[in-house]
Protein chains: 2
Amino acid sequence: MAPVVPELTAHLGYRLRQVSNHVSHAFARKLAAQGVTVAEWGLMRTLYGKERLPPSRLADEMGMTRGAITKLADRLIAKALVSREASPDDGRAQTLRLTAKGTHFVPRLAALADQNEAECFAHLSVRDRTVLARILTETVERLGLTGVPVD
Amino acid sequence: MAPVVPELTAHLGYRLRQVSNHVSHAFARKLAAQGVTVAEWGLMRTLYGKERLPPSRLADEMGMTRGAITKLADRLIAKALVSREASPDDGRAQTLRLTAKGTHFVPRLAALADQNEAECFAHLSVRDRTVLARILTETVERLGLTGVPVD
DNA sequence: TATTGTTATACTCTATAACTATA
DNA sequence: TATAGTTATAGAGTATAACAATA
């Protein structure tokens, strides 16, 4: 008798990846028209509302390595959306912050995020959306992911 | 008054990405111990139970381009998990199929998928898991993603 | 000409590890 | 020696576009 292999689609993880990839790609297309990527938006959004943050903080909050942050920051600096400054008190430390241009840009990008959200989940009832949000939030917490930006 | 920018975490898409990335990475680590990647597993699973499929079919079912399928298939062929054969009736066409080694490997990888599933969603009640599955399935259908392997 | 695949190229995302400059 | 960041390197994942062979 042949071994039973469940359908790939029977796995929550698989469906999750399908939906997540689609939502992210749809968002990426919208952001591309503005010249930024999803990861770049993530860094900008994390920086928004704060004066300045060291790369190590960004790495922690975004769940990335410091090397990855450096690379991401380099691109944003090249676009004049972020600036890098040496810390006055610690010669090793650097800080990153949004430029005026970057700061003004965030609300526009946030609007695209909202729009994407609306388009991708329009078919869900308010109840379903609430339940989904709760389940995802619980999962983020349970899996120990950095969900809430530490402040 | 400063423009209102919703928290990044307030977006379902963001949470979805967090959870999906975590689940996929956890699965990737398990698969890595067996020498395959998540995308490679996806191709093997799509091939499983079928005699042979042309790259174009794989591309459609997996939502990838033909070029991407070629590259993925090359890696699997190098691992002797998949074989490529010219079609007898159409000189342009190729077909891909699992080797005996690849076929025997699938159930073991499927077990890892189950294990990963259990670990990542263990904290959810049966009811929540059911609801999540329903919501994701509805979303896959609504967004027109290739959810169910066409047969 | 249209189609099937492959190849070439490129870019994002991310990690690991080596390295530099401080502390 | 330990820490903050950067740089170098690498590989997965994926796309686009050019190309070859065949229809």
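Chain naming here is simple, since letters A, B, ... match the order of the sequence lines and numbering starts at 1 in each. Keep in mind that the numbers below use all heavy atoms, side chains included, and drop hydrogens, waters and symmetry copies.
With hydrogens and angles ignored, the 3.5 Å screen pairs no side-chain donor or acceptor of A:Thr95 with any backbone N or O of A:Leu53. Side-chain atoms of A:Arg129 come within 3.5 Å of backbone atoms of A:Leu124 as a donor-acceptor pair (strictly under, hydrogens ignored).
Sequence neighbours left out, the pairs with a member in residues 70-81 of chain A that pass salt bridge (charged side-chain N to carboxylate O under 4.0 Å, His left out) are A:Glu40-A:Arg75, A:Glu40-A:Lys79, A:Asp74-A:Arg84. Residue pairs satisfying the salt bridge (charged side-chain N to carboxylate O under 4.0 Å, His left out) criterion with at least one member in residues 94-103 of chain A, sequence neighbours excluded, are listed as follows: A:Glu51-A:Arg97, A:Glu85-A:Arg97.
Fit an axis to the five pairs at each end of the helix from C:dT1-D:dA23 to C:dA23-D:dT1 and the two axes sit 30° apart, to the nearest 10 degrees.
With sequence neighbours excluded, the residues that form a side chain to side chain contact (heavy atoms under 4.5 Å, CB included) with B:Leu143 are A:His22, B:Thr139, B:Leu145.
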(request) Let me see the working for A:Val36 and A:Phe105 under side-chain contact (heavy atoms from CB on, under 4.5 Å), right down to the final yes or no. (result) CA-CA 11 Å; A:Val36 298; A:Phe105 209 22; 4.1 Å; yes
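With respect to the salt-bridge test (charged N to carboxylate O, under 4.0 angstrom), the residues A:Lys30 and A:Glu119 qualify.
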(request) Summarise protein proximity over nucleotides 10-20 of chain C in one line of letters, 5' to 3': B for base, S for sugar-phosphate only, - for none, counting protein heavy atoms closer than 4.0 Å. (result) B--BBSB----
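Closest approach of B:Phe121 and B:Leu132 over heavy atoms only: CE2-CD2, 4.4 Å.
Side-chain contact of A:His11 with B:Asn116: a donor-acceptor pair under 3.5 Å is absent, judged by distance alone.
Listed pair B:Thr70 / C:dT7 fails the phosphate criterion, with no side-chain N or O lying under 4.0 Å from OP1 or OP2. For B:Arg84 and C:dT6, the shortest distance from a side-chain N or O to OP1 or OP2 is below 4.0 Å.
A distance of 9.5 Å separates CG of B:Asn21 from CG of A:Leu16, quoted to the nearest 0.5 Å.
Across the protein-nucleic acid pair, B:Gln94 atom CD and C:dT6 atom C1' stand 9 Å apart, rounded to whole Å.
Extent of DNA chain D lying under 4.0 Å from chain B heavy atoms, first and last nucleotide in 5' to 3' order, is D:dG13 to D:dA23.
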